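If you're wondering where the values come from, they're calculated on a predicted model, not measured in any experiment.
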Amino acid sequence: MQRRLFASVEDVARRTNKIETSERKGLMSGAIGKWLEQEWDYRRHSLDGVDNMWFLLSRETDFNPVCASVFTFKEEFELESLNKIWSAMTERYPAYRQRVTGLNRRFHTVRLKEDPNFDVRSHIRAVHLPDGANGKDDLEDEVARFIAQDWDLSKPLWEVIVFYNYRDDTGAKAAVITRAHHALSDGQGFVLSQLSMTSAGVKIEDQLKKAAEKQHNLEAGKAKLSDLPINGFGKRLAPLDLFVPSIVVTFIFWLLYLLFTAISILYDVYTCTRVVLIFVTFRRTALLYEGPRREEKEFSFSEAISLKDIKIVQKAFQTPRRRITLNDVMCAVVVKTIRQYCEEQGGFPDKRISLFIPMSIRLPSDQRMKNLSTGAFAYFNPHRHSTQSLINACHDEMQTLKTSFYPRVAFAFLEYVCRIPMLFPHSIQYYFAHHGSERNVMDAGMPIVDWAMSNFHGVLTNVPGPASTFDIGGAEVLRWNVSPPQAGKGTLGLGMISYNGHLVWTVTADKVEQYKGVARYLTKGFKKTFEDFLEEARELQEDEDSTHSLGINGHSIFGNGKAHTD
């Protein structure tokens with residue numbers, strides 16, 4: 001019986017193999033069929049256009065696309081526990097286990113392929129700091145060197161360093177710095193992947209599910225009127241939420257939604273035209289230096305400031321026309337501090353401070369490791385003398401970004417154009433001038449690409465982190481900060497992250513003698529500038545309170561509405 005059973009199984013296997021072989025014959029047979037199969041397999045695993053764009057930029061310019069983060073811990077922990085946590089994360093997010101192949105092809109993007117030699121321990125190393133050399137300044141110097149390192153493209157593009165015996169003013173006893181290549185994901189994707197393996201992972205997933213449900217209801221026309229994305233106006237319609245099921249209120253919902261969309265389209269034509277004209281005519285001179293770009297970097301992170309204090313500033317400088325947000329206040333702090341630094345270095349000749357601000361288009365339900373962020377240029381007027389006028393100007397500029405959809409159009413354009421590397425500027429000449437492995441060496445960059453990457457002062461990101469503390473492997477995180485990549489020569493990488501009721505800035509800059517110490521100057525300056533804003537805000541509140549106590553009617557010229565933290 002066993003022999004007959006085995007014979008039957010072998011006969012079925014042979015018949016199945018013959019059927020599969022015959023199905024592959026015909027059109028898919030021969031060299032053409034083999035090529036089509038290989039092409040289909042490559043396309044299925046190749047990167048999308050924006051993901052691949054980071055390799056194109058780093059090849060054509062001196063740009064190093066590094067996303068970095070720094071954690072400081074209340075107590076030390078075993079290295080093996082961190083190995084287990086990151087190993088579990090690489091299982092959940094396969095991009096951490098994959099290496100790039102197919103670099104420098106003409107009509108194909110880079111492909112991510114499972115690394116057969118992957119070992120999580122080869123990406124995590126420990127450093128024991130000596131006594132007397134384990135403070136914040138030493139950690140910042142280590143991060144600067146870490147960010148400046150070139151990438152080893154023969155293995156997955158991420159690294160972690162654990163520092164034991166670290167000490168700072170917050171009572172930290174250990175620190176961890178991480179970096180990853182921007183082609184794997186945008187900053188939000190990295191944050192979500194890292195937090196997924198911490199004690200905050202479950203809570204964040206619940207929040208994302210609620211946000212995804214709200215987005216689904218909005219798209220299906222089932223959302224509340226207060227959920228309408230009309231820059232705060234929707235919240236004023238909250239009293240009508242109880243009547244949403246009625247036909248009249250539903251009609252109002254769709255009427256307002258369509259009206260807002262139509263106005264956005266018209267306004268976006270204006271904002272897009274304005275940005276293009278300024279970008280073409282604007283010439284940055286501040287923070288530039290002579291000669292080739294320096295490979296060495298400076299890095300610094302600031303002391304934490306309270307989100308409650310930021311709300312005080314928001315409320316004090318809010319007006320009936322402008323609902324001041326956290327981002328408005330923080331942009332004003334950044335703009336004023338950069339101007340002050342440049343004036344101390346000999347003057348600030350530029351009419352504006354130009355910052356590239358990434359904007360996430362990731363849906364709440366999308367937790368993939370992928371670049372789902374676009375961005376836009378913001379041109380702030382740094383020559384406003386009063387705090388109120390500076391914050392108002394920053395608010396107006398940020399509102400222009402929020403109500404524009406041309407960044408989404410730019411994202412869609414790059415998503416398709418960068419799928420064909422030869423369409424990237426300078427690539428046609430590049431491919432005909434070099435062959436094979438010779439294309440791994442960067443040739444002279446195309447001037448227009450270098451100019452576009454350097455014609456602004458910096459990249460400014462804001463990442464909202466968990467509102468309460470979390471731990472990694474049982475070790476509580478005291479401080480957490482993130483750093484975006486710089487752009488071109490002489491630009492700044494400016495990062496903000498909120499965590500446990502506080503906000504921290506980071507600064508990455510080229511290390512040059514002319515601007516030596518710029519990173520630490522700015523992080524200290526950001527805190528000092530904000531403290532000046534806070535002191536002025538409290539004085540305004542005291543004046544307003546005294547006015548009300550005297551029984552004088554009317555409202556303060558600075559407004560007294562509710563502060564917002566978006």
Side-chain angles (χ1 to χ4, degrees), residues 45-69 93 95-96 98-106 108-113 146-159 178-191 193 293 295 297 356-362 368-376 407 410-427 430 439-443 445-446 448-450 452-454 456 458-459 461 482-489 491 493 495 508:
H45 297 92
S46 60
L47 293 180
D48 292 331
V50 175
D51 294 337
N52 188 67
M53 178 188 69
W54 300 103
F55 288 109
L56 298 176
L57 286 174
S58 59
R59 186 196 67 200
E60 303 291 348
T61 67
D62 48 21
F63 171 62
N64 190 6
V66 179
C67 295
S69 64
Y93 298 94
Y96 283 111
Q98 298 171 336
R99 61 184 180 87
V100 297
T101 61
L103 282 165
N104 304 311
R105 297 187 65 175
R106 294 180 177 89
H108 296 78
T109 63
V110 169
R111 176 182 180 181
L112 288 180
K113 188 176 182 180
F146 194 47
I147 291 175
Q149 292 176 5
D150 289 332
W151 291 102
D152 182 359
L153 300 180
S154 65
K155 63 180 185 179
L157 302 178
W158 62 274
E159 295 176 272
T178 71
R179 74 167 190 155
H181 199 288
H182 211 314
L184 300 183
S185 179
D186 55 21
Q188 190 173 359
F190 284 124
V191 168
S193 66
R293 184 171 192 174
E295 295 182 0
K297 305 293 180 184
F356 182 80
I357 300 180
M359 304 166 62
S360 176
I361 58 174
R362 182 185 295 266
R368 291 177 296 167
M369 290 281 291
K370 177 177 168 52
N371 282 279
L372 292 168
S373 292
T374 179
F411 178 88
F413 176 77
L414 292 172
E415 185 76 348
Y416 286 97
V417 168
C418 293
R419 289 175 184 267
I420 305 177
M422 282 197 70
L423 297 179
F424 196 80
H426 189 59
S427 292
Y430 178 83
R439 291 200 296 263
N440 290 325
V441 180
M442 189 189 79
D443 197 6
M446 194 173 188
I448 190 173
V449 178
D450 289 329
M453 291 287 290
S454 302
F456 50 96
V459 179
T461 63
V482 296
S483 173
Q486 298 171 264
K489 172 184 171 182
T491 58
T508 307

Note to self: So I361 and M359, do their side chains get closer than 4.5 Å, heavy atoms only?
What the structure shows: no
Notebook entry, point to check: Any side-chain heavy-atom pair from V100 and L112 closer than 4.5 angstrom?
Noted result: yes
Notebook entry, point to check: So D48 and R419, side-chain contact (heavy atoms from CB on, under 4.5 Å) or not? Walk me through it.
Noted result: CA-CA 6 Å; D48 292 331; R419 289 175 184 267; 3.4 Å; yes
Might you point out which heavy atoms bring [X] and [Y] nearest each other, and give the distance in Å?
X: F190; Y: S193; value: O-OG, 2.7 Å
X: W54; Y: A183; value: CD1-CA, 3.8 Å
X: T374; Y: P407; value: OG1-O, 2.6 Å
X: D186; Y: S373; value: OD2-OG, 3.0 Å
X: F356; Y: G375; value: CZ-CA, 3.5 Å
X: G493; Y: Q486; value: N-CG, 3.7 Å

Calculate, to the nearest 0.5 Å, the distance between atoms [atom1] and [atom2] belonging to [X] and [Y] respectively.
X: T491; Y: R293; atom1: OG1; atom2: CZ; answer: 5.0 Å
X: L414; Y: N52; atom1: CG; atom2: CG; answer: 11.5 Å
X: D51; Y: T109; atom1: CG; atom2: OG1; answer: 8.5 Å
X: C67; Y: H182; atom1: SG; atom2: NE2; answer: 4.0 Å
X: T508; Y: K297; atom1: OG1; atom2: NZ; answer: 8.5 Å
X: C418; Y: L47; atom1: SG; atom2: CG; answer: 11.5 Å

Is [X] reaching over with its side chain to a backbone N or O of [Y], donor-acceptor style, under 3.5 angstrom?
X: E415; Y: V50; result: yes
X: N64; Y: I147; result: yes
X: R362; Y: R368; result: yes

Next item on the list: Assess whether atom CD of Q149 is packed by more than 12 heavy atoms of other residues, nucleotides or ligands within 6.0 Å.
Entry: yes
Check: Sequence neighbours excluded, which residues qualify as ring pair (Phe, Tyr, Trp, His ring centres under 6.0 Å) partners of F456?
Finding: F377
Next item on the list: Could you pull out all residues at least two apart from H181 that satisfy ring pair (Phe, Tyr, Trp, His ring centres under 6.0 Å)?
Entry: F55, W151
Notebook entry, point to check: Is there a donor-acceptor contact under 3.5 Å linking the side chains of Y93 and S185?
Noted result: no
Check: For R179, what residues pass the salt bridge (Lys or Arg N to Asp or Glu O under 4.0 Å) criterion, not counting sequence neighbours?
Finding: E159
